[in-house]
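Just below is one structure, and these are the notes that go with it.
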There are 2 protein chains.
Amino acid sequence: MDESAPQKGTVTQRAIERIKAMIGEGRLEPGQRLPTERDLAAQLGMSRSSMREAIRALTVLGVLEARHGSGIYVTQLEAGDLLETFGVVADLSRGPQLVELLEVRRILESTATALAAARITADQLAEVEKHLLAMNATDDPEEILAHDLAFHREIAAAAGNETMAAILEGLSSRTFRARVWRGYEEEGAFERTRREHAAIHRALVAHDPEAARAAAAAHVGEVEQWLRTQLTQ
Amino acid sequence: MDESAPQKGTVTQRAIERIKAMIGEGRLEPGQRLPTERDLAAQLGMSRSSMREAIRALTVLGVLEARHGSGIYVTQLEAGDLLETFGVVADLSRGPQLVELLEVRRILESTATALAAARITADQLAEVEKHLLAMNATDDPEEILAHDLAFHREIAAAAGNETMAAILEGLSSRTFRARVWRGYEEEGAFERTRREHAAIHRALVAHDPEAARAAAAAHVGEVEQWLRTQLTQ
DNA sequence: TCAGCCGTAGTGGTCCGACCACTCTGGTGG
DNA sequence: CCACCAGAGTGGTCGGACCACTACGGCTGA
């Protein structure tokens, strides 16, 4: 059951490509269960160890999901599954790269907020308000951060593009924001953040995309500029 | 040398987190060489097999680089290294998700092109023109696609944000575009594409960001709309 | 003296076989 | 009829062996 192995790269790398190809060609559907590690290794003519490394690699990429004692399954291949690794980028980026990342976020977040202003429903708006109020009702940085994240997540979801929402989720991942905020909040940015969030909320209520875009861009831009000054010091 | 293993998740998963943490905390610098697989496994109190899976995982994420016979090294952790996995998302996305991905690309590409219009140098512009001419001088779809990719890559580079350029690179990866173009080009879209590219080029020459943004958005939007109609059929 | 070759130690890559931890299922006993 | 449970099957871990490749240093020959 082997077809003239081209012998390019390592055995494990080949296995990764093969499985990816199987999914790309539709031979493996989302949610479907794969053969066992032992069978897969035999089919591709390699050891179980090498096959396990390939499976582990595809697991961290969000393509496969291994359930102990049950089997290996193809994920739903949705944006959330595949873009989870985006958080790693945010976690490991430093210096100028952090600013670039924030610039990307500013572009996407402003557009997402504009889209949300046009499309958001009453229910979604209520959810956004819930986090806005909760954020203003406490002084615990941890809690504020959590509601801040949820605030933007709800808006991104209301924009109607799951892929964009997933990318923004990665760009706002817990550790990334915690790292930046650690210094940012010490400069009395809480009050400003609240005003900016209020402005975004107003634009959403008014269903005003342009106002929403401007408010969101300014919001992220504030942090971006602050980070930029930090680097030059 | 172990600190009260919390025993959460699999052994391999723990190893991945530990190594990621070492890099995040700066204990491992970009380009630095890690201890051998055998030593690492011993330090974290696990078998070499498990450690290898962890290393393989971080390798596909673009965080580590293994050189056969030499050792394991931390990558430069630049945008290109870490965002290579973005291509996998594009390769495995289908249906509505493909449209969402194209929408993200439209947003980023239009902004990148606008930035490029403001910042592009004469040398960079010459490079862009080179690919524009080469694209118009041939009828080989393969070659056209290659120069098309390079055309946009040069523009993204001129925008001055490597992270954005890396993301766009992933969103335009070879297989992704080949897949979409297969059907797109059959509808006589070549001529339209050339006109759109010419419009983008004009805006760059004129250093007109708004015109560049509009031209790029229209360019990607054309493909996006076509894909949208394909899905409803 | 010095350039180039080559042996070798050390590294990642692969394979094997065993056992553990967990899940799922089908039969059994209540 | 249901609850339980034992067993088969699965992924997870381990240890060791060997292969493929790199890098370095000593050796050889000019």
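A note on names: the letters A, B, ... follow the listed sequences, proteins ahead of strands, and every chain is numbered from 1.
- Atom NE2 of A:His68 and atom P of C:dC20 are 13 Å apart (whole Å).
- Checking the phosphate oxygens (OP1, OP2) of C:dT14, a side-chain nitrogen or oxygen of A:Thr12 falls inside 4.0 Å.
- Checked against C:dC24, C:dC15, D:dT13, the side chain of A:Ser70 finds its nearest nucleotide in C:dC24.
- As rounded to whole Å, 15 Å separates atom C1' of D:dT10 from atom CD of A:Glu65.
- Atom CZ of residue A:Arg228 and atom CD of residue A:Glu103 lie 6.0 Å apart, to the nearest 0.5 angstrom.
- Per the geometry, CD belonging to B:Glu37 stands 15 Å off C1' belonging to D:dG16, to the nearest Å.
- A close approach under 4.0 Å does not occur between any side-chain nitrogen or oxygen of B:Arg33 and OP1 or OP2 of C:dG12.
- Side-chain atoms of B:Glu154 never come within 3.5 Å of backbone atoms of B:His131 as a donor-acceptor pair (strictly under, hydrogens ignored).
- Side-chain N/O atoms of A:Thr121 and A:Gln124 include a donor and acceptor closer than 3.5 Å.
- Distance CG (A:Leu44) to C1' (C:dC15): 15 Å, rounded to an integer number of Å.
- From B:Arg105, atom CZ reaches atom NE2 of B:His152 across 5.5 Å, with rounding to the nearest 0.5 Å.
- Counting any heavy atom pair closer than 4.0 Å across all strands shown, A:Ser49 reaches a base atom.
- The side chain of B:Thr36 places no N or O atom within less than 4.0 Å of a non-bridging phosphate oxygen (OP1 or OP2) of C:dG10.
- Between A:Arg52 and the phosphate of D:dG12, there is a side-chain N or O to OP1/OP2 separation shorter than 4.0 Å.
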